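Since the structure is predicted, the reported quantities are computational estimates derived from the model, not experimental observations.
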Amino acid sequence: MKKTITTFIILLITCAANCVAQVSFGTPQLFNDGWEFSLDNADWKHVALPHDWSIEGTPSPDLASCTGYLPGGVGQYRRTFTISDSKSKHYIYFEGVYNRSEVYLNGHLLGKRPNGYISFMYDMTPYLATGKNELLVRVDHSKYADSRWYSGSGIYRNVWLIASGDTHFSQWGVTYSARQCDDDMWNINVSADIDGYKKGLSLKIMLFDADGRMVSQSLSTCKSASNKAMLSVSAPHLWSIDTPYLYNMKVELLQGETIVDATNIAVGIRSLQFDANKGFALNGKWMKIKGVCLHHDAGVLGAAVPKDVWRRRLISLKEIGANAIRMSHNPQSPDLYDLCDELGFLVMDEGSDEWEFPKRKWLKGWNKGEPGYDGTFDFFEEWIERDVTDMVMRDRNHPSVFLWSVGNEVDYPNDPYSHPILDGKNSKINQPMFGGYKPDAPNAERIGRIAKRLAACIRRADTSRPVTGALAGVVMSNETAYPDAVDVVGYNYTEDRYATDHAAYPNRIIYGSETHGDLKAWKAVRDNDHIFGQFVWTGMDYLGESGAWPSRGLGTGLLDFAAFPKQQGYFIQSLWSEKPMIHIAVQRPRRWQREQSKGVTVVCFTNAHHAQLLMNGNVVGEMMQRNDTTGMILWNIPQVEGTLMAQAYDADAHIVATHTIAPTGDVSQLRVTDVTVDKSSEVKQLLVEAVDADGNLVRTARNNVTCSVKGTTILLGLENASNVDMSTPKSTTRSLHNGRLIAYVKGNVSDVKFDFQPMSVQTQ
């Protein structure tokens, strides 16, 4: 592997309103309405897609903790439809179905796809009838505890009907890369594959800036089913984290003057550079990746997450300083990649969490009792190369994507692979593992062979980004071909190996693919040029990997289920954010400490030069700088009697940020605020807060709130962010947690009412 990897790329991304860029051809139509659903042979009911049936179930301690104590089962979806357009070809495209799906049209099997995270498409044309047609989708999630976290069940992403002529661009068939020729000029090489190729076709490409002005165009003759063309762009706006500039490119397939097929796609131009000693550079600027790992659920919404819910979540992560997302540990919704392109996040796209043998799936709480061994390993050999290839083909046109990962923690020692290096007598081993060397377990050398296969699949589909893998057992994997099979090596929770392995493998490019959100893990990145970044576990609280009942998920998020920053989030913000910030929290003594304590501790997170603390306008906490050992400021003060204010100062003694904690009275009313980011979104997010007479949030309020809707408006869920709330996720009543909750409603907010005894609040 070369010491430095440099890539220059311009990329297509999915248009926000339709899926034409996802599949690169035809005329797409959203196909989410008009479906019926039956679970475990129960009566059919009407549902709208996306739909996750597991989140509609009732949590039970008799179910598996690994998936949040929620059920699976076998479900069926059906929809009747007629074809009214005159196109000769018709396809059905699923963004994701969990899992082991079979799709039938008029009784004919169109295909099977066991992987629940991969997008796929079938040609319906041979089996379409004149007049009425019926689609039937069978989803088998009877092995519901097949994941270490919550997966959801059903058609939980969008479905599209696509019409085209006999000749059209291939699925995911339009892609391109760009190389900077000099300081001002970039050459853009476009590839376009054609289904139903015939002579006389030409390819027209037009690139428009954000204001709609054409900046480049190309017209070339198609000589085969695979074609290449080139554009030149002078002094383009580059896509970056701070300025995620997107062009629009229109690609047309012409027969003479007639447009046979066309696709419109957004375009981001940027360069990537990875170096074993310097780290990572975006557009020639060396920088640190401040990343978070994200699973695909959103609390009470399960796996069917509306786009604007992700938008609000990403904006909250951006606010605390995050600049990268790791798709843990599988391809996720196309909406999420579109938003990362738009908002300026780098993305590590990941293929899977399990290979040819099952991992432990905890059933009675994380690391408690005997694990289960259901999983996705049984279809690994048949499907993994296609699954990984399809991930790359679908997502390669996103400027946000900068790393392809072949897998996560497939090398966890003795889960399931083993190696003689794990012998307990070997002093090198300082990583967690399930016991020492186990000769009867699969030999870890198998990992290296599989990694080579998957890396080759990725490179056949895209050479513009490096291949990586997230290693959990670095010491063991160093004895295999795994690290050399990839271009960039991710270390999970192994900061103490950074210096050792940098010296032992000087050409290895290393980063923290999964880390704790503590100061030690950040310093390992901050203080070492050769470590280009980290992905903190996790950006958000998520369902599954739960503790013993009651626990619906893992509470390691920087943000909670409702996308509010937790104390850990403010701490990370003080380490990552380049904007001045300060946040304080009162740390009250525990019951057994109260008799000995005459005061409280105020914890302060800030990135400012120094800060001080005031109570009722008087200084009670001296001017201090952040302690680089703890990453915070601590003030010990008398009991809080009044308003606390922390003031942050720059080096010139100017106040740059403040944070106030005011005393609160009894709950006076509910305050309802529409926090939907995209006001045109059909799904609204309503913040419901218990406030006192002065409008201050009463964080101690735990009262039940009931939501009622009228007309066609639908309540999708009430999210209070409490990890121990095991009530039915789709309940219309939920208790406040920290004095608030988020209501997700589809429709008109004026049709929503919240009852909070003894009074009611009508949204305006």
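Under the 3.5 Å distance criterion, the side-chain polar atoms of Thr243 are left unmatched by any main-chain donor or acceptor of Tyr245. Between the side chain of Asn723 and the main chain of Ser551, no donor-acceptor pair closer than 3.5 Å is present. In terms of modelled atom types and a separation under 3.5 Å, the side chain of Gln647 and the main chain of Gln612 share no donor-acceptor contact. In this structure, the side chain of Thr606 engages the main chain of Met581 through a donor-acceptor pair within 3.5 Å. Put simply, the side chain of Asn323 never gets that close to the backbone of Ile289: no donor and acceptor are under 3.5 Å apart. Looking only at distances, a side-chain donor or acceptor of Lys288 sits under 3.5 Å from a matching main-chain atom of Ile531. Not a single donor-acceptor pair under 3.5 Å links the side chain of Arg326 to the backbone N or O of Gly291. In this structure, Arg497 contributes its side chain and Val475 its backbone to no donor-acceptor pair below 3.5 Å. Under a 3.5 Å cut-off, the side chain of Asp692 and the backbone N or O of Asp694 do form a donor-acceptor pair. A side-chain donor-acceptor contact under 3.5 Å links Tyr337 to the backbone of Gln332.
The CG atom of Asn720 sits 11.0 Å away from atom CZ of Arg740, with the distance rounded to the nearest 0.5 Å. Distance check: Leu575 CG to Met632 CE gives 9.0 Å after rounding to the nearest 0.5 Å. Expressed to the nearest 0.5 Å, how far OG of Ser513 lies from CG of Leu471 amounts to 7.0 Å. Note that CG of Asn408 is 8.5 Å distant from OG of Ser352, once rounded to the nearest 0.5 Å. For the atom pair Leu644 CG and His659 NE2, the distance stands at 10.0 Å (nearest 0.5 Å). One finds the NE2 atom of His296 at 9.0 Å from the CH2 atom of Trp310 (value rounded to the nearest 0.5 Å).
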Original post:
When you look at Thr538 and Leu554, which way does the side chain to side chain contact (heavy atoms under 4.5 Å, CB included) test go after all the steps?
Top reply: CA-CA 9 Å; Thr538 55; Leu554 195 63; 5.9 Å; no
Subject >> Asp541 and Lys566: CA distance, side-chain angles, deciding distance, salt bridge (charged side-chain N to carboxylate O under 4.0 Å, His left out) verdict >> reply: CA-CA 10 Å; Asp541 287 350; Lys566 298 159 68 175; 2.9 Å; yes
**OP:** For the pair Val525 and Thr515, evaluate side chain to side chain contact (heavy atoms under 4.5 Å, CB included) and give the outcome as yes or no after the intermediate values.
**Re:** CA-CA 11 Å; Val525 176; Thr515 75; over 6 Å; no
Original post:
Passes salt bridge (charged side-chain N to carboxylate O under 4.0 Å, His left out), Arg311 versus Glu342? Steps please.
Top reply: CA-CA 10 Å; Arg311 184 187 301 275; Glu342 175 189 335; 2.7 Å; yes
**OP:** Applying side chain to side chain contact (heavy atoms under 4.5 Å, CB included), run through Leu346 and Ile241 and close with a yes or a no.
**Re:** CA-CA 7 Å; Leu346 291 165; Ile241 289 168; 3.9 Å; yes
Original post:
How far apart are the C-alpha atoms of Tyr505 and Asn478, what are their side-chain angles, what is the distance that settles it, and do they pass the side chain to side chain contact (heavy atoms under 4.5 Å, CB included) test?
Top reply: CA-CA 10 Å; Tyr505 311 100; Asn478 282 343; 3.5 Å; yes
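Residue Lys364 places its NZ atom among more than 12 non-hydrogen atoms of other residues, nucleotides or ligands, all under 6.0 Å distant.
Looking at Val603 and Leu634, their side chains come closer than 4.5 Å, going by heavy atoms from C-beta outward. Between Met327 and Leu336 there is a side-chain heavy-atom pair separated by less than 4.5 Å. In this structure, the side chains of His502 and Asn277 come closer than 4.5 Å at one or more pairs of heavy atoms. Phe402 is not listed as a side-chain neighbour of Leu282, based on a closest heavy-atom distance of 4.5 Å or more. The closest side-chain heavy-atom distance from Ser400 to Trp239 is below 4.5 Å. Taking the side chain as every heavy atom from C-beta outward, Ile742 and Val300 never approach each other to under 4.5 Å. No side-chain heavy atom of Leu403 sits under 4.5 Å from any side-chain heavy atom of Arg465. Residues Asp529 and Trp286 form no side-chain contact, since every pair of their non-hydrogen atoms from C-beta on lies 4.5 Å or further apart.
Aromatic ring pairs are classed by plane angle as parallel below 30°, tilted from 30° to 60° and perpendicular above 60°; the pair Trp362 and Phe434 is tilted.
Taking a cutoff of 4.0 Å between a charged side-chain nitrogen and a carboxylate oxygen, Glu409 and Arg360 do not qualify as a salt bridge.
Between Ser574 and Asn607, the side chains place no donor N or O within less than 3.5 Å of an acceptor N or O (distance only, hydrogens not considered). Tyr493 and Glu514 are linked by a side-chain donor-acceptor pair at a separation below 3.5 angstrom, with hydrogens and angles left out of the test. Donor-acceptor pairing under 3.5 Å is lacking for the side chains of Asp242 and Ser240. With hydrogens and angles left out, the side-chain atoms of Gln567 and His583 include a donor and acceptor closer than 3.5 Å.
Between Trp537 and Tyr542, the distance separating the two ring centers is shorter than 6.0 angstrom. Side-chain rings of Tyr511 and Phe280 stay apart, their centers remaining 6.0 Å or farther from each other. Within the 6.0 Å centre-distance limit, the rings of Trp549 and Tyr69 are counted as a close aromatic pair.
The two residues Val677 and Ile315 have their closest heavy-atom pair at CG1-CD1, 3.7 Å. In terms of heavy-atom proximity, Tyr117 sits nearest to Ser151 at OH-CB, 3.6 Å. Summarising the geometry of Gly436 relative to Asn414, their closest heavy-atom pair is O-ND2, 2.9 Å, with the distance given to 0.1 Å. When all heavy atoms of Ala585 and Ile661 are compared, the closest pair comes out as CA-CD1, 4.3 Å. Here the closest non-hydrogen pair linking Asp341 and Pro244 is O-CB, 3.4 Å. Contact between Leu543 and Gly299 at its shortest, heavy atoms only, is CD1-O, 3.3 Å.
Of the options Asp308, Asp674, Thr676, a side chain to side chain donor-acceptor pair (under 3.5 Å) to Gln685 is made by Asp308 and by none of the others.
In this structure Arg312 satisfies the salt bridge (Lys or Arg N to Asp or Glu O under 4.0 Å) test with no other residue, sequence neighbours excluded.
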If you look only at distance, which donor and acceptor atoms sit under 3.5 Å apart when one is on a side chain in residues 516-524 and the other is two or more places apart or in another chain?
| unit_1 | atom_1 | unit_2 | atom_2 | d |
| --- | --- | --- | --- | --- |
| Asp518 | OD1 | Ala521 | N | 2.9 |
| Lys523 | NZ | Asp628 | O | 2.5 |

